[in-house]
Novice: 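Let me give you the structure first, and then I'll get to my questions.
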Amino acid sequence: MPADIDIARAASLKPIVEIGDRLGISADKLIPFGHDKAKLSQACIEDLKGRSDGKLILVTAISPTPAGEGKTTTTVGLGDALNAIGKKATICIREASLGPCFGVKGGAAGGGMAQVVPMEEMNLHFTGDLHAVTTAHNLLAAMIDNHIYWGNELGIDTRRIHWRRVVDLNDRALRQITTGLGGVANGFPAESGYDITVASEVMAILCLAEDLDDLQRRLGDIIVAYRRDLTPVNCRDLGADGAMTVLLKQAILPNLVQTIENNPALVHGGPFANIAHGCNSVISTKAALKLSDYVVTEAGFGADLGAEKFFNIKCRKAGLTPAAAVIVATVRALKMNGGTAKKDLDRPDVDAVLAGCANLGRHVENVRKFGVPVIVAINHFTSDTPEETAAVQNYVEALGSKAIVCTHWADGSKGALALAEAVVAITEEAAAPFNLLYGDELTLTEKIKVIAKEVYRADSVIIDRKVRERLARWQDGGYGHLPVCMAKTQYSFSTDPELLGAPVGFAVPVREVRLSAGAGFIVAICGEIMTMPGLPRHPAALSIHLNEKGEIEGLF
């Protein structure tokens with residue numbers, strides 16, 4: 001097979017107005033960005049109100065490994081296959097961050113014959129949404145420093161400024177910085193730091209806001225600092241919410257593109273699931289549900305992170321009810337979770353597959369706790385043997401679900417037809433009511449413990465005194481009803497990335513908590529997870545270049 005970028009470049013794209021027409025969107029309701037991408041206009045979104053909703057399908061995965069799982073690829077393949085069997089389906093995924101694109105992970109538009117295109121533009125600047133988030137976030141940071149410089153009328157305690165800066169790159173050197181050096185003209189020296197843009201509360205707000213008014217309200221609610229008496233200072237107090245909304249006025253509109261098979265895809269928002277809530281925008285999802293019979297969306301990393309946050313945060317906040325979930329697994333990733341070294345993954349080993357199935361089984365059990373029916377998609381690799389795939393299918397069948405071998409990476413929609421048929425069948429059956437894992441009435445500490453014990457299977461949660469005191473202060477301050485967004489390693493149910501499979505007998509240490517009052521959740525930072533990643537020894541950027549034709553090479 002050619003490289004993903006070569007497959008994408010060879011695709012025959014239709015004019016974006018034709019893709020819009022398939023969804024019943026007239027050309028005048030699109031804001032075109034060239035011939036192959038467009039934003040849905042505000043008028044388009046307004047026109048959708050009052051329509052009935054289609055069925056929402058979540059694609060999630062087992063715990064990720066370097067062997068690869070293919071969650072986005074399966075999302076695209078399933079969406080293409082649903083269209084192939086005569087269903088009107090739209091794909092909803094997140095936008096790519098430049099951090100992993102130039103770091104380790106590469107692109108975020110699927111792969112092989114199951115991709116969203118134009119691949120190069122989607123993985124780079126696209127329509128500028130992430131740049132708008134970065135700018136809006138940093139405008140607020142600048143206005144905080146400027147307010148202090150000109151007299152600090154609000155009485156901000158400069159030791160308690162919690163609003164950092166962001167950039168959409170991996171740069172460990174920016175995790176902790178000192179600002180304001182160089183004398184009186186440059187302000188007051190202070191400790192600060194950078195997070196990656198996708199960890200910004202502004203990104204979370206963009207993805208959870210229902211409309212522009214809701215966006216500005218949420219931006220105004222952001223707590224940027226505290227006074228000496230510990231009363232909060234909000235973005236609204238600084239008068240920054242209006243200008244930030246202006247910067248995000250176009251970014252809040254969903255982006256319409258297409259798959260290689262010319263099926264519609266809405267790509268919007270980009271929070272990571274290991275440090276944020278990991279779902280595409282509410283506006284995008286709700287628009288797709290009005291435009292389609294089926295909406296296939298994804299949530300980042302494994303189901304312990306992405307799916308849990310999709311259910312407990314996104315569905316709770318937006319009033320969404322998923323009809324089914326697809327958990328993506330590969331034989332190779334199951335082997336790694338079963339203890340096989342990466343260099344030995346091509347060697348057949350049914351026992352290692354079965355050992356790794358404990359990880360898959362735990363994810364299946366967790367999703368079922370929400371009342372959502374589950375199907376397993378086995379994303380097929382050429383090295384998989386019939387005995388190995390049969391072992392996974394038998395294991396899943398014993399759990400009361402179905403596992404379907406899919407070859408969409410090589411075959412496009414044809415390789416996921418059985419999965420599409422199974423998804424349609426399961427959504428037409430009577431299902432248990434969707435339910436959340438915890439109620440709003442639990443304390444913040446209790447919510448953290450519920451997730452750690454019910455989803456991760458931890459024995460205990462370690463929260464030191466200062467963190468407990470901060471949680472108690474927020475509880476008493478009227479924020480106790482908020483859900484919790486857990487930030488932890490994606491590689492394990494635990495906070496130790498080396499504990500693969502289905503570990504037991506571990507504790508979850510909560511290192512830090514952050515109040516995202518505008519987004520409407522509490523972030524609990526666990527273990528050694530960083531909100532600003534670093535580049536690996538050999539970053540993907542080393543391979544990205546222009547060839548003699550001026551074409552981009554090295555994206556994957």
Side-chain angles (χ1 to χ4, degrees), residues 55-64 69-71 73-75 77-79 81-82 85 87 294 296-299 301-308 310-311 315 321-335 337-338 350 352-381 384 386-408 415-435 437 454-457 493 501-502:
K55 295 177 180 178
L56 182 59
I57 313 300
L58 173 68
V59 177
T60 182
I62 62 172
S63 300
E69 291 70 48
K71 183 174 68 272
T73 304
T74 302
T75 301
L78 174 57
L82 285 166
I85 63 173
K87 304 298 181 182
Y294 287 85
V296 185
T297 190
E298 64 166 359
F301 296 122
D304 58 317
L305 288 167
E308 183 271 313
F310 179 85
F311 297 142
C315 290
T321 302
V326 175
I327 298 179
V328 181
T330 63
V331 166
R332 294 164 64 84
L334 290 171
K335 285 180 185 176
N337 272 294
V350 173
V353 172
L354 288 173
C357 277
N359 182 273
L360 171 59
R362 184 173 289 182
H363 286 298
V364 171
E365 293 171 7
N366 284 344
V367 172
R368 283 178 171 167
K369 289 182 178 182
F370 294 89
V372 179
V374 179
I375 297 173
V376 173
I378 305 173
N379 187 16
H380 186 264
F381 279 66
D384 300 348
E387 292 79 14
E388 289 172 324
T389 54
V392 180
Q393 290 177 304
N394 292 336
Y395 177 87
V396 173
E397 186 176 345
L399 296 175
S401 291
K402 182 181 292 187
I404 298 169
V405 178
C406 304
T407 61
H408 45 275
L417 293 177
L419 178 62
E421 296 282 6
V423 164
V424 170
I426 202 170
T427 60
E428 292 178 349
E429 297 173 0
F434 173 65
N435 57 272
L437 194 62
E454 291 292 322
V455 177
Y456 309 155
R457 306 299 205 279
F493 279 104

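Note that the structure is predicted; figures quoted are calculated from it, not measured.
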Novice: With heavy-atom distances below 4.5 Å as the criterion, would you say the side chains of Gln393 and Val396 are in contact?
Specialist: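 Not touching, per the 4.5 Å side-chain cut-off.
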Novice: Can you give me the closest heavy-atom contact between Leu419 and Ala377, atom names plus distance?
Specialist: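 Closest pair (atom of Leu419, atom of Ala377, distance): CD2-CB, 4.0 Å.
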Novice: What distance do Leu354 atom CG and Leu360 atom CG have between them, rounded to the nearest 0.5 Å?
Specialist: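 Answer rounded to 0.5 Å: 11.0 Å.
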Novice: Taking atom CG of Asn394 and atom CG of Leu399, what is their separation to the nearest 0.5 Å?
Specialist: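 That separation rounds to 11.0 Å.
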Novice: Which heavy atom in Asn379 sits nearest to a heavy atom in Gly70, and how many Å separate them?
Specialist: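 Between these two residues, the closest heavy atoms are ND2-CA, 3.6 Å.
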Novice: Taking all atoms of both residues into account, what is the closest heavy-atom pair of Val374 and Ser401, and its distance?
Specialist: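 Scanning both residues completely, I find the closest heavy atoms to be O-OG, 3.4 Å.
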Novice: So, do Val364 and Arg368 sit near enough that their side-chain heavy atoms are less than 4.5 Å apart?
Specialist: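 Touching, per the 4.5 Å side-chain cut-off.
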Novice: What class does the angle between the rings of Phe311 and Phe370 fall in, given that below 30° is parallel, 30 to 60° is tilted and above 60° is perpendicular?
Specialist: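 Geometry flag for Phe370 against Phe311: tilted rings.
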Novice: Within this structure, what is the OG1-CG distance for the pair Thr321 and Asn435, rounded to the nearest 0.5 Å?
Specialist: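 So the gap between those two atoms works out to 11.0 Å.
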Novice: Measure the spacing between CD of Glu454 and CG of Asp304 and express it to the nearest 0.5 Å.
Specialist: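 It comes to 14.0 Å.
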Novice: Quick check for you: to the nearest 0.5 Å, what is the distance between Phe493 atom CZ and Asn366 atom CG?
Specialist: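 If I round to the nearest 0.5 Å, the distance is 5.5 Å.
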Novice: Please report the shortest heavy-atom distance between Ile57 and Val423, naming the atom on each side.
Specialist: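 Heavy atoms only, the tightest pair is CD1-CG1, 3.8 Å.
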Novice: What is the minimum heavy-atom distance between Pro64 and Phe301, and which atoms define it?
Specialist: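 Minimum heavy-atom contact is CG-CD2, 3.9 Å.
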Novice: Are Thr297 and Thr75 close enough that some pair of their side-chain heavy atoms sits under 4.5 Å apart?
Specialist: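 No, every pair of side-chain atoms sits at 4.5 Å or beyond.
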Novice: Measuring from Tyr294:OH to Leu82:CG, what's the distance to the nearest 0.5 Å?
Specialist: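 Answer for the OH-CG pair, Tyr294 versus Leu82, is 7.0 Å.
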Novice: Looking at Asn359 and Ser63, what are the two nearest heavy atoms and their distance?
Specialist: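 What the structure gives for the nearest pair is ND2-OG, 3.0 Å.
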Novice: I'd like to check His363 versus Thr60 (side-chain heavy atoms, cut-off strictly below 4.5 Å). Are they in contact?
Specialist: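 They are not in side-chain contact.
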Novice: Should Lys369 and Glu308 count as side-chain neighbours, where that means a heavy-atom distance under 4.5 Å?
Specialist: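 Side chain of Lys369 against side chain of Glu308, heavy atoms only: no contact under 4.5 Å found.
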Novice: Can you find a heavy atom in the side chain of Arg457 that is under 4.5 Å from one in the side chain of Glu365?
Specialist: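 In contact.
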Novice: Side chains of Thr73 and His408: is there a donor and an acceptor less than 3.5 Å apart?
Specialist: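 Per modelled atom types, Thr73 and His408 side chains form no pair under 3.5 Å.
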